[in-house]
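Below, chains carry the letters A, B, ... as their sequence lines are ordered, and counting in each starts from 1.
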There are 2 protein chains.
Amino acid sequence: MTRSGADLALLLLGGFRALADAGSAELADRGYDKIRPIHDFALRSILAGADTTAELARELGISKQAVIKTVGFLEAEGYVAVEADERDGRRRLYSLTDRGQALLRTGEQVFNELRDRWAQRIGAEQVEAVGDALADLGIRAPTHLDAAGWFSGSSSP
Amino acid sequence: MTRSGADLALLLLGGFRALADAGSAELADRGYDKIRPIHDFALRSILAGADTTAELARELGISKQAVIKTVGFLEAEGYVAVEADERDGRRRLYSLTDRGQALLRTGEQVFNELRDRWAQRIGAEQVEAVGDALADLGIRAPTHLDAAGWFSGSSSP
DNA sequence: TCGATACGTCAACCAGGTTGTCGTAACATG
DNA sequence: CATGTTACGACAACCTGGTTGACGTATCGA
């Protein structure tokens, strides 16, 4: 085995960072500014039905307070609409605006283009092999990308 | 192409996180507590000759102040020794203690074991293929793992 | 009906960075 | 040499993105 385990880990991180940075830049170019992955996660979860603060908190694995701040941003930027729940006076129901849905579509497209650009350079099979290997290892997309404290002792509280 | 680009990105992140979390836990088990990747980076850079604050800051891509805090932790934990520079009164020279060197060795070993465990599960060629693909794409280990603000607009200031 | 539970929010805090300022040491140059 | 320029290291203050704890209120269930 030629490559050290640490190098492998850093390559994985580097790969993600390359995609994330390029995707972020591309989204900004297309008018979606200041978007971080957590925003995409949140929008996706809302679309999938997690449309209250507590539910989003559970889904995203962050605190309710963090959800309030995040959704506050998304609302201010026009991606999310908030309305009262008729049936439960405590709840505030979140939903995606047209702009929010457009962001999700654009994001998907952008990342597919980036993946295709990789495929052009090293071959589609190679790119697929990377995803297959990780999927075979049971790696699941971390819903829970706690930016701070990656390596900081406890990983899942 | 079956897998979306976004999924691929998340798999890469998930792969890194899986290694990093397992490595962190394993290191903690072996008595190296509260260690984050940046600490390993810093130790490695010191060993490679970046033995002053300013030099480390350049090497790690973070501010001098952040270096001071980081090295302060490493010194307090006994991984790094600090002494005055005879020839330049401003400088403080960093060096690795025995414990610091032991941490680096242990870390390397731990991550190699994790890689081997992956290889047992999906085959060494598959694991190697992942590294090769990323390396072929010119992915470089990010020296510069700014935990905060991954996706936050500017990636490299 | 009334206690237990869940929701949403606020204020306070925390970690890990950055920026700006400063004193001081070294260096270059006229 | 004398001195302006540059580099180093440290401090304080601040920023960001999260957490925790307390609280008021609404709902539910026995």
Side-chain angles (χ1 to χ4, degrees), chain A residues 24 33-42 46 50-77 80 82-94 142-157, chain B residues 24 33-42 46 50-77 80 82-94 142-157:
Chain A
S24 165
D33 218 351
K34 296 181 286 181
I35 296 299
R36 289 182 300 123
I38 187 71
H39 299 136
D40 193 84
F41 275 66
I46 292 170
D51 56 1
T52 67
T53 302
E55 211 163 345
L56 269 177
R58 280 188 295 268
E59 192 71 25
L60 301 174
I62 62 180
S63 63
K64 288 188 293 178
Q65 183 64 5
V67 169
I68 288 173
K69 292 179 186 178
T70 301
V71 174
F73 167 83
L74 290 172
E75 189 188 1
E77 297 285 320
V80 163
V82 183
E83 57 196 323
D85 186 338
E86 304 275 310
R87 322 185 37 179
D88 185 335
R90 299 167 302 176
R91 287 182 168 158
R92 302 173 62 235
L93 288 182
Y94 304 139
T143 44
H144 182 179
L145 47 156
D146 48 345
W150 275 357
F151 217 177
S152 35
S154 72
S155 49
S156 354
Chain B
S24 165
D33 218 350
K34 294 181 289 183
I35 296 299
R36 288 180 302 124
I38 187 72
H39 299 136
D40 192 86
F41 274 68
I46 292 171
D51 57 1
T52 66
T53 301
E55 211 163 345
L56 269 177
R58 280 189 295 267
E59 193 70 23
L60 301 175
I62 61 180
S63 64
K64 290 187 291 177
Q65 184 62 9
V67 169
I68 287 173
K69 291 179 187 178
T70 300
V71 175
F73 167 83
L74 291 173
E75 190 189 359
E77 298 284 320
V80 161
V82 183
E83 56 197 323
D85 187 339
E86 303 275 308
R87 322 185 37 179
D88 187 333
R90 297 167 303 176
R91 286 181 169 159
R92 302 174 63 237
L93 289 183
Y94 304 138
T143 46
H144 184 180
L145 46 157
D146 49 346
W150 277 357
F151 218 176
S152 36
S154 71
S155 51
S156 356

Exercise. Can you find a pair of side-chain heavy atoms, one from B/Phe73 and one from B/Val80, that are under 4.5 Å apart?
Worked result: no

For this session: Taking salt bridge (Lys or Arg N to Asp or Glu O under 4.0 Å) as the test, write out the residues that go with B/Glu55, two or more places apart.
Result: none

Exercise. In whole angstroms, how far is the P atom of C/dC7 from the OH atom of A/Tyr94?
Worked result: 12 Å

Seminar exercise, completed: Between CD1 of B/Ile38 and C1' of C/dA15 the distance, given in whole Å, is 14 Å

For this session: Report yes if at least one side-chain N or O of B/Arg91 is closer than 4.0 Å to OP1 or OP2 of D/dA10; otherwise report no.
Result: no

Problem set entry | Spacing between B/Ile68 atom CD1 and C/dT18 atom C1', to the nearest angstrom | 13 Å

For this session: Indicate, with a heavy-atom threshold strictly under 4.0 Å, whether A/Ala54 touches base, sugar-phosphate, or nothing.
Result: sugar-phosphate

Problem set entry | Value in whole Å for how far the P atom of C/dG16 lies from NE2 of B/His39 | 7 Å

Exercise. Can you tell me how far NZ of B/Lys64 sits from OG1 of B/Thr52, rounded to the nearest 0.5 angstrom?
Worked result: 10.0 Å

Seminar exercise, completed: Result for 5'-nearest mapping on DNA chain D, choosing between B/Lys69 and B/Asp51, is B/Asp51

For this session: Could you tell me whether B/Asp85 and B/Arg87 have a side-chain N and a carboxylate O separated by less than 4.0 Å?
Result: no

Exercise. Which listed nucleotide (C/dT18, D/dT19, C/dG8) is nearest to the side chain of A/Thr53?
Worked result: C/dG8

Seminar exercise, completed: Ranking C/dG17, D/dG18, C/dT9 by distance to the side chain of A/Ala66, first place goes to D/dG18

For this session: Grab the CZ-P distance between B/Phe41 and C/dG16 for me, whole Å please.
Result: 16 Å

Exercise. If the sugar-phosphate is the primed atoms plus P, OP1 and OP2 and the base is the rest, what is the B/S/- string for nucleotides 20-28 of chain C, using protein heavy atoms under 4.0 Å?
Worked result: -----BS--

Problem set entry | Atom pair CG (B/Asp33) and CD (B/Glu77), whose distance is rounded to the nearest 0.5 Å | 7.5 Å

Seminar exercise, completed: dist A/Ile68:CD1 -> A/Thr53:OG1 (nearest 0.5 Å) comes out at 5.5 Å

Seminar exercise, completed: All heavy atoms of A/Ala42 vs all of A/Leu74, minimum pair found to be CB-CD1, 4.0 Å

Exercise. At under 4.0 Å between heavy atoms, what does A/Ser63 touch on the DNA or RNA strands: base, sugar-phosphate, or nothing?
Worked result: base

Exercise. Counting only side-chain N and O atoms of A/Arg92, is one of them less than 4.0 Å from OP1 or OP2 of C/dT9?
Worked result: yes

For this session: Provide, to the nearest angstrom, the distance between the CZ atom belonging to B/Arg58 and the P atom belonging to D/dT6.
Result: 16 Å

Exercise. What is the distance from CD1 of B/Ile62 to P of D/dG9, rounded to the nearest Å?
Worked result: 13 Å

